[in-house]
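Notes for the one structure printed next.
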Amino acid sequence: MTKDETAGTTRLGKFILLTGIVFLATNLRAPITSVGPVVPQIQGALHLSNTLTGLITTIPLLAFAVLSPIAPKLAEKWNIEIVLWVAIWAIAIGLLVRMSSTIALLFGGTALVGGGIAFGNVLVPPFIKKWFPQKIGLVTGLYSVAMNITASLASGFSIAIGHWTGMGWQGSIGVWLVFALIAIIIWIPQLMRSKAKSRSDETAAQRQKDTSMLRSRLAWHITVFMGLQSLLFYCAVAWLPVVLQDWGMASETSGWVLSFIQFTQLPVVFIAPIVAGRLKNHTPLLWFVGGTLALSLLLIIGWRTQFIIPAVILFGLGTGLAFSLVMMWFVLRTGTTRDAARISGMAQSFGYALAAAGPPLFGALHDWAGDWETPFFLLVATTLILHITGMKITKPQIITG
């Protein structure tokens, strides 16, 4: 997609594109975060063992790791707009199927949802690069905000939605089908636009040299950064409420403490991409990430629950900025839409595989040491490696094979 082609898109066309991105974003987190609060209900209704219950939240992460590398290849073959539309359909069908009262359909639907989200995660950043090359930061910010707002609402109101709909846990996890259906309809104009541009895009792709992402140090630095920032976030989501309860905090209060992380991230994920898009050197932003995360973890290790609110706010600031930076690096550190899709696929595949190992390792360290401070030192070490790795990406450079 050339600058001339994007400039030729009408204001109405741009608005429809942006609306499509926003509604697609509403489907990339909420179907996952809506599940956690009602897991006990699902376990009781379907008589699931603890192992099977764990699969409900593990299957999407596994889908991210396995399917992320496939997304760029399919986008090259069928066009990115078509693949994203199919991804939304996969999410919609998965949401409908997993509302069933049978274990097989629950897991099958969850796998479909995870697969659709995996494709969306990988392909939205290059899609933004393709259609909004002059406003990558702003559009990425809007995309991230839409994703995080619905994720927060889904976790916060999950149980209440079950009561309001009268459908219990099935209503809690199924109501997000509405957003998927809206996204499917809004995405139809993108399919028409894709057909009009497909020939020129194919020709351009054939002229490009393949750059080996696996041989690029910069690509690996971005991949490791992606995995480590995800590991930090998922460890907090999985274990922080448990830790706080063990330290004497009420269960209801510990849940709200966790929500401070997500709400703190909202302004960050909107503003940070805009700032990152305007700065050539991201070193100051990296120091902010490392500083806020380190201070947050030290407050928790040293004072436990005494300064927990400032600690989780700092944690939300750090993880929110780290996520925004890596999303921007997918497009700012590549020369073409095609390469942006490929690094996004590589980073999210290996990155989510690394992140999936975090929560079990955190729990294993607790079992080994007999305290909660030791696992938090794992997160301190992760923060240090995150900072060192990120410093290798901060200066302007393009991935080359």
Sequence neighbours excluded, every pair satisfying salt bridge (charged side-chain N to carboxylate O under 4.0 Å, His left out) that has a member inside residues 284-312: Arg304-Glu373

Shortest non-hydrogen contact between Trp176 and Thr150, atoms and distance: CH2-O, 4.2 Å

Main-chain N/O of Ala65 paired with Ser349 side-chain donor or acceptor, under 3.5 Å: yes

Heavy-atom donor-acceptor pair, Lys129 side chain to Thr334 backbone, under 3.5 Å: yes

Close side-chain approach of His387 to Val289, heavy-atom, < 4.5 Å: no

Atom pair OG1/CG of Thr110 and Leu95 - distance to nearest 0.5 Å: 9.0 Å

Val331 vs Ile128, side-chain contact (heavy atoms from CB on, under 4.5 Å): CA-CA, chis, key distance, verdict: CA-CA 9 Å; Val331 296; Ile128 293 173; 5.8 Å; no

N/O donor-acceptor pair under 3.5 Å between Arg333 side chain and Thr394 backbone: yes

Pair Thr305-Val257, side-chain contact (heavy atoms from CB on, under 4.5 Å): steps then yes or no: CA-CA 10 Å; Thr305 60; Val257 167; over 6 Å; no

Closest non-hydrogen atom pair between Leu123 and Ala75, with its separation: CD2-CB, 3.9 Å

Stepwise side-chain hydrogen bond (donor to acceptor under 3.5 Å, both in side chains) check, His282 with Trp329: CA-CA 10 Å; His282 296 156; Trp329 287 337; 3.0 Å; yes

Value rounded to 0.5 Å, distance of CG in Leu266 from CD1 in Ile271: 11.0 Å

Heavy-atom closest pair, residues Thr33 and Ala154: OG1-CB, 3.4 Å

side-chain contact (heavy atoms from CB on, under 4.5 Å) assessment of Phe323 paired with Val268: CA-CA 10 Å; Phe323 174 79; Val268 178; over 6 Å; no

Heavy-atom side-chain proximity of Leu232 to Thr383 below 4.5 angstrom: yes

Plane angle bin for Trp187 and Phe127 - parallel if under 30°, tilted between 30 and 60°, otherwise perpendicular: tilted

Gly171 to Thr165 - nearest heavy-atom pair and separation: CA-OG1, 3.7 Å

Atom pair CG (Leu231) and OG1 (Thr319), whose distance is rounded to the nearest 0.5 Å: 12.5 Å

Taking every non-hydrogen atom, the tightest pair across Ser158 and Ser34: OG-O, 2.6 Å

Exceeds 12 heavy-atom contacts within 6.0 angstrom, atom CH2 of Trp287: no

Heavy-atom side-chain contact between Met147 and Val269 under 4.5 Å: no

Min side-chain heavy-atom separation Phe233-Gln265 under 4.5 Å: yes

Test ring pair (Phe, Tyr, Trp, His ring centres under 6.0 Å) applied to Phe350 - qualifying residues, sequence neighbours left out: Trp220

Non-hydrogen side-chain atoms of Ile117 and Arg29 separated by less than 4.5 Å: yes

Pairwise distance CD1(Ile343) to CD1(Ile399) - rounded to 0.5 angstrom: 4.0 Å

Leu240 vs Ile261 side-chain heavy atoms within contact, under 4.5 Å: yes

Any donor-acceptor N/O pair, Ser296 side chain to Thr292 backbone, under 3.5 Å: no

Under 3.5 Å donor-acceptor, Gln41 side chain and Ile159 backbone: no

Chi angles and distances behind the side-chain contact (heavy atoms from CB on, under 4.5 Å) call for Ile184, Trp85: CA-CA 7 Å; Ile184 286 172; Trp85 196 59; 3.7 Å; yes

Taking every non-hydrogen atom, the tightest pair across Gly120 and Leu84: CA-CD2, 3.9 Å

Distance, nearest 0.5 Å, that separates CZ of Phe107 from CD1 of Ile56: 5.5 Å

Aromatic contact, Phe376 with Phe362 (centres under 6.0 Å): yes

pair Met226-Met327: side-chain heavy atoms closer than 4.5 Å: yes

Stepwise side-chain hydrogen bond (donor to acceptor under 3.5 Å, both in side chains) check, Ser101 with Gln170: CA-CA 9 Å; Ser101 296; Gln170 292 166 310; 3.1 Å; yes

Asp339 backbone acceptor or donor facing Thr336 side chain under 3.5 Å: yes

Side chains of Arg98 and Val35 in contact at under 4.5 Å (non-hydrogen atoms): yes

Met213 backbone acceptor or donor facing Ser216 side chain under 3.5 Å: no

Any donor-acceptor N/O pair, Lys395 side chain to Thr283 backbone, under 3.5 Å: no

Backbone N/O of Gly162 and side chain of Trp169: donor-acceptor pair under 3.5 Å: no

Distance in Å, Asn148 CG paired with Tyr143 OH, rounded so as to fall on 0.5 Å steps: 9.5 Å

